[in-house]
**Student:** 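Here it is: the structure, laid out below.
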Amino acid sequence: MSKQLNMSSARLDYMYSKTGFLSDATDHTSIRANLIETTGTLNAFSGAQIPNIYSYPNLILESKNQSVYFKSGGDYRLQIRENGYIYLWNKKFGSGGSSLQVAGDGALFIQSSATKFKEDIQYDGGTSVGDKFLTLDPATWQDKAEYEARAKYRKIGTEPDHQIHMDDKRYYGLIAEDLVKAGLEEFVVRDENTGEVNGLEYDKVAISMIPVIRSQRDAINELKAEVERLKDKVK
C-alpha cells in the first residue's frame, strides 16, 4: 500500500536540533509545491514529478522556460538552454587574467602560460612556422547556423532559437582546413573521438609571427645602419 501526501498548497518545515530546541537548530529544510529549500545537501530525487527549484546554501538551481538557471546572491549567473547554448548573466570584464578555453570534450578550463603547468619546454626562434602562416589568405564568411536560421525565418517566419545577427553579418579570419594543408597541424583543433577538424587556436597565431617580425626588425635596422654609412661617405 502506497502513501501520498498532498502538498498542493501546504508547506512542510523540517529542522534538526541536537538539543531539541528550535533555537538551536543547525539544519533546515522547507518543502512546498515545486520548491525545496535546504541548508544541507540535496542528494537525490525520484519519481515522475520533480520540483523545478533546488536550493543550496547561497545557490539556487532553477528550471523554467526550457532552461536551467544558476542563481546566487539574488542574481542569475548562468543559463543553460534546451538548445545547448550557455549564457553568462551579469558578465564581468577585466583587463587581465588568463583566457577561458573549451576542451574537445566540452570541459571549460583556464589556460595559463606559467611554467608550473608545463613540461619539456623547448624554445623555437625560427621563422619556419610564421613563414607558413604568410602563405595563407584570410577569408570572410557567414556563420552557417546564423545563415540557416535567417533563411528559415525569411521563408516561413520561424524565429531563431537564440539571438543572432539578422543583417547577413560576415566574419573575418582563417579557415582551419587551410592550416592543415599548410602543415600547421599544431594549431588545428580536432574532435577527440572522430578526428574531424573543428577549428583552430587563434590565440597562438600571433605568437608564431614573433620570430618573423624580429627578423624583419633586424633587417630594417641593418638597412638603416647601411644608409647612415652611405650618408657619411657622401659627406
Side-chain angles (χ1 to χ4, degrees), residues 67-68 78-89 91-155 158-217 219:
S67 295
V68 175
L78 181 70
Q79 177 189 12
I80 304 176
R81 295 187 181 177
E82 187 180 38
N83 57 20
Y85 287 94
I86 300 176
Y87 294 85
L88 295 177
W89 292 54
K91 297 182 292 294
K92 305 298 182 183
F93 297 91
S95 59
S98 302
S99 59
L100 180 65
Q101 304 288 324
V102 182
D105 61 359
L108 300 178
F109 67 98
I110 299 297
Q111 178 173 274
S112 173
S113 295
T115 57
K116 63 182 178 180
F117 297 111
K118 296 176 172 61
E119 295 290 346
D120 192 24
I121 297 175
Q122 300 179 17
Y123 288 95
D124 180 12
T127 62
S128 60
V129 175
D131 288 337
K132 290 178 182 178
F133 270 107
L134 292 178
T135 67
L136 302 177
D137 290 321
T140 68
W141 62 85
Q142 293 188 48
D143 179 81
K144 184 176 182 179
E146 293 186 353
Y147 182 89
E148 293 176 346
R150 284 192 298 265
K152 193 173 183 180
Y153 173 75
R154 291 164 181 168
K155 184 177 181 180
T158 301
E159 293 284 347
D161 61 1
H162 66 288
Q163 185 176 355
I164 66 171
H165 293 280
M166 297 300 293
D167 57 353
D168 296 338
K169 176 180 173 63
R170 299 193 67 81
Y171 295 86
Y172 182 90
L174 297 171
I175 304 300
E177 286 82 356
D178 291 345
L179 271 69
V180 176
K181 296 176 183 177
L184 295 165
E185 184 67 39
E186 63 267 38
F187 294 87
V188 176
V189 178
R190 293 181 177 271
D191 185 283
E192 295 182 355
N193 296 319
T194 66
E196 181 182 9
V197 174
N198 280 343
L200 61 94
E201 297 179 318
Y202 270 112
D203 57 321
K204 296 181 175 62
V205 174
I207 298 174
S208 71
M209 301 306 297
I210 292 177
V212 175
I213 296 172
R214 181 168 55 225
S215 176
Q216 293 176 345
R217 180 203 61 189

**Student:** Step through the shown structure and confirm whether more than 12 heavy atoms of other residues, nucleotides or ligands are within 6.0 Å of NZ on Lys118.
**Tutor:**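 Counting neighbours around NZ of Lys118, more than 12 heavy atoms of other residues, nucleotides or ligands fall under 6.0 Å, so yes.
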
**Student:** Looking at every heavy atom in both Pro138 and Leu174, which two are closest together, and how far apart are they?
**Tutor:**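 In this case the closest contact between Pro138 and Leu174 is CA-CD2, 4.1 Å.
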
**Student:** Closest heavy-atom contact between Arg150 and Asp167?
**Tutor:**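 Smallest heavy-atom distance, with atoms named: CD-N, 4.4 Å.
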
**Student:** Please walk me through it: do Leu184 and Leu136 pass side chain to side chain contact (heavy atoms under 4.5 Å, CB included)?
**Tutor:** CA-CA 11 Å; Leu184 295 165; Leu136 302 177; 4.1 Å; yes

**Student:** Measure the spacing between CG of Asn198 and CG of Leu200 and express it to the nearest 0.5 Å.
**Tutor:**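 Between atom CG of Asn198 and atom CG of Leu200 there are 11.0 Å.
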
**Student:** Are Ile164 and Asp143 close enough that some pair of their side-chain heavy atoms sits under 4.5 Å apart?
**Tutor:**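 They are not in contact (no side-chain heavy atoms under 4.5 Å apart), so the answer is no.
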
**Student:** Please lay out, stage by stage, how Tyr87 and Gln163 fare under the test side chain to side chain contact (heavy atoms under 4.5 Å, CB included).
**Tutor:** CA-CA 11 Å; Tyr87 294 85; Gln163 185 176 355; 5.6 Å; no

**Student:** Should Glu148 and Lys152 be marked as a salt bridge (charged side-chain N to carboxylate O under 4.0 Å, His left out) after you check the CA-CA gap, both sets of side-chain angles, and the distance that decides it?
**Tutor:** CA-CA 6 Å; Glu148 293 176 346; Lys152 193 173 183 180; over 6 Å; no

**Student:** Which heavy atom of Pro160 sits nearest a heavy atom of Met166, and at what distance?
**Tutor:**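 That would be CG-SD, 4.2 Å.
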
**Student:** Leu78 vs Leu88, test: side chain to side chain contact (heavy atoms under 4.5 Å, CB included). Steps then yes/no.
**Tutor:** CA-CA 5 Å; Leu78 181 70; Leu88 295 177; 3.6 Å; yes

**Student:** Taking all non-hydrogen atoms of both residues, which atom of Arg190 and which atom of Val180 are closest, and how far apart?
**Tutor:**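 Scanning both residues, the minimum pair turns out to be NH2-CG2, 3.8 Å.
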
**Student:** With rounding to the nearest 0.5 angstrom, report the CG to CZ distance, Asp131 to Phe133.
**Tutor:**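 Here the rounded value is 11.5 Å.
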
**Student:** Is there side-chain contact between Gln111 and Asp203, with at least one heavy-atom pair below 4.5 Å?
**Tutor:**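 Of all side-chain heavy-atom pairs linking Asp203 with Gln111, at least one is under 4.5 Å.
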
**Student:** Could you list the donor-acceptor pairs under 3.5 angstrom formed by side chains in residues 207-215, with sequence neighbours left out?
**Tutor:**
{"residue": "Ser208", "atom": "OG", "partner": "Val205", "partner atom": "O", "Å": "2.6"}

**Student:** So, using side chain to side chain donor-acceptor pair (under 3.5 Å) as the criterion, who are the partners of Tyr202 when residues are at least two apart?
**Tutor:**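 With sequence neighbours excluded, Tyr202 shows a side chain to side chain donor-acceptor pair (under 3.5 Å) to no residue whatsoever.
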
**Student:** Which atoms form the tightest heavy-atom contact between Ala176 and Val188, and what is the distance?
**Tutor:**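 The pair with the smallest heavy-atom distance is O-CG2, 4.0 Å.
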
**Student:** Side-chain contact test, heavy atoms from C-beta onward, threshold under 4.5 Å: evaluate it for Glu185 versus Leu179 and give yes or no.
**Tutor:**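 They are not in contact (no side-chain heavy atoms under 4.5 Å apart), so the answer is no.
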
**Student:** Compare every heavy atom of Tyr153 with every heavy atom of Glu159, then report the nearest pair and how far apart it is.
**Tutor:**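 Answer, listing the atom of Glu159 first, then Tyr153: OE2-CE1, 3.5 Å.
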
**Student:** Working to the nearest 0.5 Å, report the span between CD1 of Ile175 and CH2 of Trp141.
**Tutor:**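 It comes to 5.0 Å.
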
**Student:** Under a 4.0 Å threshold between the charged nitrogen and the carboxylate oxygen, would Lys204 count as salt-bridged to Glu186?
**Tutor:**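 Salt bridge flag = no for Lys204 with Glu186.
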
**Student:** Decide yes or no for Glu146 and Tyr171: does some side-chain heavy atom of the first lie under 4.5 Å from some side-chain heavy atom of the second?
**Tutor:**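 Yes, their side chains come closer than 4.5 Å.
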
